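The structure appears below as structure tokens.
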Number of protein chains: 4
Amino acid sequence: MGAVKTKRMPRAVREQQMLDAAVQTFGQRGYMAASMDDIAELAGVSKPLVYLYLNSKDDLFTACIRREAKALTAAVRAGVHPELPADRRLWEGLLAFFTHTARHPDGWSVLHLQARTHGEAFAAEVTAMRTEIVTFVTQLIADAAREAHRDPDLPDKEVAGLAEALVGAAESLATWANATPGVTARQAAATLMNFAWAGLGGLMAGRAWSPPPA
Amino acid sequence: MGAVKTKRMPRAVREQQMLDAAVQTFGQRGYMAASMDDIAELAGVSKPLVYLYLNSKDDLFTACIRREAKALTAAVRAGVHPELPADRRLWEGLLAFFTHTARHPDGWSVLHLQARTHGEAFAAEVTAMRTEIVTFVTQLIADAAREAHRDPDLPDKEVAGLAEALVGAAESLATWANATPGVTARQAAATLMNFAWAGLGGLMAGRAWSPPPA
Amino acid sequence: MGAVKTKRMPRAVREQQMLDAAVQTFGQRGYMAASMDDIAELAGVSKPLVYLYLNSKDDLFTACIRREAKALTAAVRAGVHPELPADRRLWEGLLAFFTHTARHPDGWSVLHLQARTHGEAFAAEVTAMRTEIVTFVTQLIADAAREAHRDPDLPDKEVAGLAEALVGAAESLATWANATPGVTARQAAATLMNFAWAGLGGLMAGRAWSPPPA
Amino acid sequence: MGAVKTKRMPRAVREQQMLDAAVQTFGQRGYMAASMDDIAELAGVSKPLVYLYLNSKDDLFTACIRREAKALTAAVRAGVHPELPADRRLWEGLLAFFTHTARHPDGWSVLHLQARTHGEAFAAEVTAMRTEIVTFVTQLIADAAREAHRDPDLPDKEVAGLAEALVGAAESLATWANATPGVTARQAAATLMNFAWAGLGGLMAGRAWSPPPA
DNA sequence: AATGAATGAGGTTTCATTCAT
DNA sequence: GATGAATGAAACCTCATTCAT
């Protein structure tokens, strides 16, 4: 357990070890239940050093959120080939997303559960990342509509809601997949892709469902 | 703020006041950040009384989860007319769900965020409720397939995945709607209904999307 | 467990029930670990009634000490026939003592352990009883010396130390006998009687042991 | 009162200061009445440091018991010259015992009163020490019998009862001597030695007292 | 004669954080 | 670059005690 006790590392390396330990601890125990003692011990350093490098528990948590958010968006971006048609791009994005969250369950827990449960400041950090992803998906939907030569002027607000629903479903599925043994990233992506794409396709074909009057 | 200081209430009444205060505090500050002092003060009673009636922080939290879970499932059940066709029943269920979560944001926070972030015991309490809802939705999807005279033998596993995605999307949208000013329960329900229904419809029409080989 | 819940008892009876419960609780759990809640519940009454009758935890404990001390001295006195020779009187006193402490282990625990462990005020209550017993034993020793026509002017201080040692040994043996299954009151009394009587006899025969110079 | 406030001591030293303060407080106020605040203040440190080093009130108390038990048995062992005859060895043992308990009244209170009054776990710690002492005394009695060329096959059970009575008398006398001004360790030892030695002597001379039939 | 409702005060324990080396 | 020593503040929980009926 814990990092091997190696002395005199350069600062950048030590910092990453601390963040590794922090993400693991925050992800598994939660922000408040994770103690700085736990984290320092898991990182293999003394507590004052954690404070020297990361300043405070809040700052440490924020650093975790930022690092994990950056890693997740980078993974999704790296998984998508921009020259492919929209459906393929959505598929690739979902696959990259579920693959990354499955490989970094503690990071995903920090982003999706912990950061949203412990105060506005932390939630705002995640919101930035989420906005980026929702924008990406919104763009994909618009592209898909254009490529299908259908209603390119789908109302923005409608598209935003759909993107929101899609991202929300993805987030829920990621947590569910991590908690459910035997569900692969591919399966999760396929389920959502079926659900979403056919739904969107149907919508674009004009088969929208209309709510009854209130 | 805080309840008006009324003296000598019967136990049952005081207990509800305490649960009200606890749900509000847990929902807004989180399980660990909420102190028993805060809750007692908000309830307008002394701390020892909270312990006398609710026993411990854990038990108090569990009581909150149970009460809110019961209220939510009751609201959804009460909103659905069983004699209507499946699409209308899904609509009514979603509308009732989003209406209730919008009216009780702290309760929803307790159920969806806090209870799942602070230990298996609490999460299990919510899982019971969630299972009930997923079962309800799964039934609706099967009914819809039958009513449309389409593929009544849709594979169970497929249906389960779809129900999971739909419920996950609903949960995410509820949290998002609570955090986004100007989004009504009706709008949230309509967005998800469009997304889901058309998606399911398309799927049933055989227009399933196939993932590329790995 | 606990007294059967009978309503409207005369005060004197209720008070004895409370003292019974208190002695049991204090004896088994100790003064500080025994809560007024425990005692009230075991007595089958509400806490305010305990306060109404016994006034405070301190007063309740004092009342327990007094009752048990009185019972113990009464038992010893009742066991001794004054017309017998000194050795028989000592035997009867010891037998009565060990019999009583074996029958009332909680009372003995209150007197010997609890009362001496929780403040001067309580200890003083027991000291009164102890003084009475030591005086009784001192008298016995003097009588024995007179009956044996030996050194009737044994120095008082010497006799006091011997009586103290004898009583101390009896107290220790009582606790030990209560904690050791299979040791009867008769056996305890016989052991001590052998030890003490032969010792005293030897002393009176002039075979005193002399300490080496310091 | 309280230790002079010296800063930055090595851990081992601070720990002993804490144990000193704890023994004093536990011995004078009792286990339950002694608060960790009291102990920390008397030790001249903050409460968290006490917890950091000694872990909990239970552990602290156990550490006190062990330290004091070790000190007492060491003192007795150091006071006895093994080459002397049995009577001299008993005398030296008693003198060392009463001297130590007189010099460390709080430690003796912890061992004899507090540790036996607050739960089996603590009592067991003392029982180990007591067993060692009883064994030592039992051996002395057997040696004395052999040296006097008298009845070397004195029944074991009888010897055990006598040793128990002797140790019990010593324990009671120690507490009594600490509570009675003007009684020296030498006097206490002499009183008990007279009592015990003559008693044993008389017993060995066949002048045993026989209880009357029941 | 008796009790349900209520609390002030204080207990043990933990934690984020800093100082001095 | 790194740490052993130390603490202020606050958390959960319990208890002896009283009030109003």
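Predicted model, so just to flag it, every value in this text is computed and none were measured.
Using a 4.0 Å heavy-atom cutoff across all strands shown, A/Arg11 reaches no nucleic acid atom at all. Among the heavy atoms of the strands, none lies under 4.0 Å from D/Ala33.
Nearest-nucleotide assignment on DNA chain E puts the 5′-proximal partner with C/Tyr53, out of C/Tyr53 and D/Pro48. Between A/Lys47 and D/Asp58, the one whose closest nucleotide on DNA chain E sits nearer the 5' end is D/Asp58.
Rounded to a whole Å, the CD atom of A/Gln17 is 10 Å from the P atom of F/dA2. The separation between B/Arg14 atom CZ and E/dA5 atom P is 10 Å, rounded to whole Å. In this structure, D/Met32 atom CE and F/dA16 atom C1' are separated by 14 Å, rounded to whole Å. As rounded to whole Å, 15 Å separates atom P of E/dT21 from atom CE of D/Met9. Between C/Met36 atom CE and F/dC15 atom P the separation is 12 Å, expressed in whole Å. Regarding C/Tyr51, its OH atom lies at a distance of 19 Å from the P atom of E/dA5, rounded to whole Å.
Aromatic ring pairs are classed by plane angle as parallel below 30°, tilted from 30° to 60° and perpendicular above 60°; the pair D/Tyr31 and D/Phe26 is tilted.
The distance between the ring centers of C/Trp108 and C/His104 does not fall below 6.0 angstrom.
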